[in-house]
Amino acid sequence: MDRLRPRNRPLFSGFTNSEIEKLERLVREAREKSLDKEFCHKLAIAFNRSAGRAGKPAVRWTEIQSWFEDRLQDLPDDPNNELMIPKDPECNKEGEIVRDLSELEFEAKSSKDGAWYDVETFLAHRFNSNGEAEVLVRFIGFGGDEDEWVTMKNSVRKRSIPLENTECCNLNVGDHVLCFQERKDQAIYYDAHILEIQRRIHDIRGCRCQILVRYDHDNSEESVRLRRLCRRPRS
């Protein structure tokens with residue numbers, strides 16, 4: 001039996017102002033009372049990939065679900081204010097729900113930190129002194145002062161895809177993945193390879209497998225949960 005949740009439990013206070021605005025908009029647009037785990041999980045991934053969360057602790061899907069539950073208690077008994085969470089949304093890097101992922105088709109590696117970010121648009125192209133094609137990219141969530149010239153060959157690729165709880169069975173040792181690395185001073189996505197998989201029985205929280213990865217940029221190793229991994233699209 002699940003432990004009872006304490007009354008008046010404190011809300012997670014780590015949401016940014018932008019994230020709270022998006023959560024409030026979802027409440028206002030709601031029509032049916034439903035707290036869907038998969039939606040909260042995807043929204044957490046979207047928040048964690050946003051520029052505004054860089055350097056901050058990662059948001060857990062349970063914290064988003066708790067926010068909705070507490071916010072729902074404050075709403076009047078009006079059918080038009082009941083909370084509806086779509087069953088299978090797609091969220092972009094800023095947490096906004098989109099239906100067409102073509103807007104997020106590519107990601108690019110920043111030369112400043114070696115991490116991968118979603119591309120909002122390609123602004124220009126050129127050839128460098130070595131004859132390599134380069135593009136000027138604008139990253140989602142960043143302004144024009146963060147635009148970068150990157151090489152097409154090594155620093156632009158199809159967008160990595162967040163893994164679902166049921167996809168752990170498709171992972172194998174040696175697989176190339178994109179992993180969300182959390183440190184005190186940053187929380188961003190880096191290339192990594194899987195070294196070991198400890199497969200465990202799933203529970204109500206989802207996948208409980210432990211996955212040992214080695215980051216490509218510094219060869220450090222870390223044991224992570226599936227929710228921090230994105231798979232590379234098949235060629």
S.K.: Decide ring pair (Phe, Tyr, Trp, His ring centres under 6.0 Å) for Tyr190 and Phe180; before the verdict, give the C-alpha distance in whole Å, the side-chain angles of both, and the deciding distance to 0.1 Å.
M.R.: CA-CA 7 Å; Tyr190 282 113; Phe180 188 66; over 10 Å; no

S.K.: Could Glu167 and Arg231 be called an ion pair, given the rule that one side-chain N must be under 4.0 Å from one carboxylate O?
M.R.: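 A salt bridge links Glu167 with Arg231.
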
S.K.: Would you indicate whether the side-chain heavy atoms of Leu212 and Ile194 approach each other to under 4.5 Å?
M.R.: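 The answer is no, as the side chains (C-beta and beyond) never meet within the 4.5 Å cut-off.
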
S.K.: Under the side chain to side chain contact (heavy atoms under 4.5 Å, CB included) criterion, do Cys179 and Tyr189 qualify, and how do the steps go?
M.R.: CA-CA 5 Å; Cys179 186; Tyr189 281 85; over 6 Å; no

S.K.: So, Glu134 and Arg126, do they make that salt bridge, N to O below 4.0 Å?
M.R.: yes

S.K.: Within a strict 4.5 Å, meaning less than it, do heavy atoms of the Val135 and Val156 side chains meet?
M.R.: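 Counting from C-beta outward, Val135 and Val156 do come under 4.5 Å.
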
S.K.: Whether the His217 and Asp191 side chains hold a donor-acceptor pair (N or O, under 3.5 Å, no angle test) is what I'd like checked.
M.R.: no

S.K.: Phe122 pairs by ring-ring contact (aromatic ring centres under 6.0 Å, His included) with which of Trp149, Phe106, Phe139?
M.R.: Phe106

S.K.: Does any part of the side chain of Asp113, heavy atoms only, come nearer than 4.5 Å to the side chain of Ile188, both counted from C-beta?
M.R.: yes

S.K.: So do Arg157 and Lys109 actually touch side chain to side chain, heavy atoms under 4.5 Å?
M.R.: no

S.K.: Report yes if some heavy atom in the side chain of Asn48 is under 4.5 Å from a heavy atom in the side chain of Glu182; otherwise report no.
M.R.: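 Counting from C-beta outward, Asn48 and Glu182 never come under 4.5 Å.
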
S.K.: When rounded to the nearest 0.5 angstrom, what is the spacing between SG in Cys207 and CD1 in Ile201?
M.R.: 12.0 Å

S.K.: Using a strict 4.0 Å threshold on nitrogen-to-oxygen distance, state whether Glu146 and Arg138 make a salt bridge.
M.R.: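 No, Glu146 and Arg138 are not salt-bridged.
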
S.K.: With no hydrogens and no angle check, just 3.5 Å: does a side-chain donor-acceptor pair link His193 and Asp216?
M.R.: yes

S.K.: Decide yes or no for Gln198 and Ser223: does some side-chain heavy atom of the first lie under 4.5 Å from some side-chain heavy atom of the second?
M.R.: no

S.K.: For residues Tyr215 and Glu222, is any side-chain donor paired with an opposing acceptor at under 3.5 Å?
M.R.: yes

S.K.: Less than 4.0 Å between a side-chain N and a carboxylate O, is that true for Glu221 and Arg214?
M.R.: yes

S.K.: I'd like to know if Arg227 and Glu164 make a salt bridge, using a cut-off of under 4.0 Å between side-chain N and carboxylate O.
M.R.: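 Looking at Arg227 and Glu164, the cut-off is not met.
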
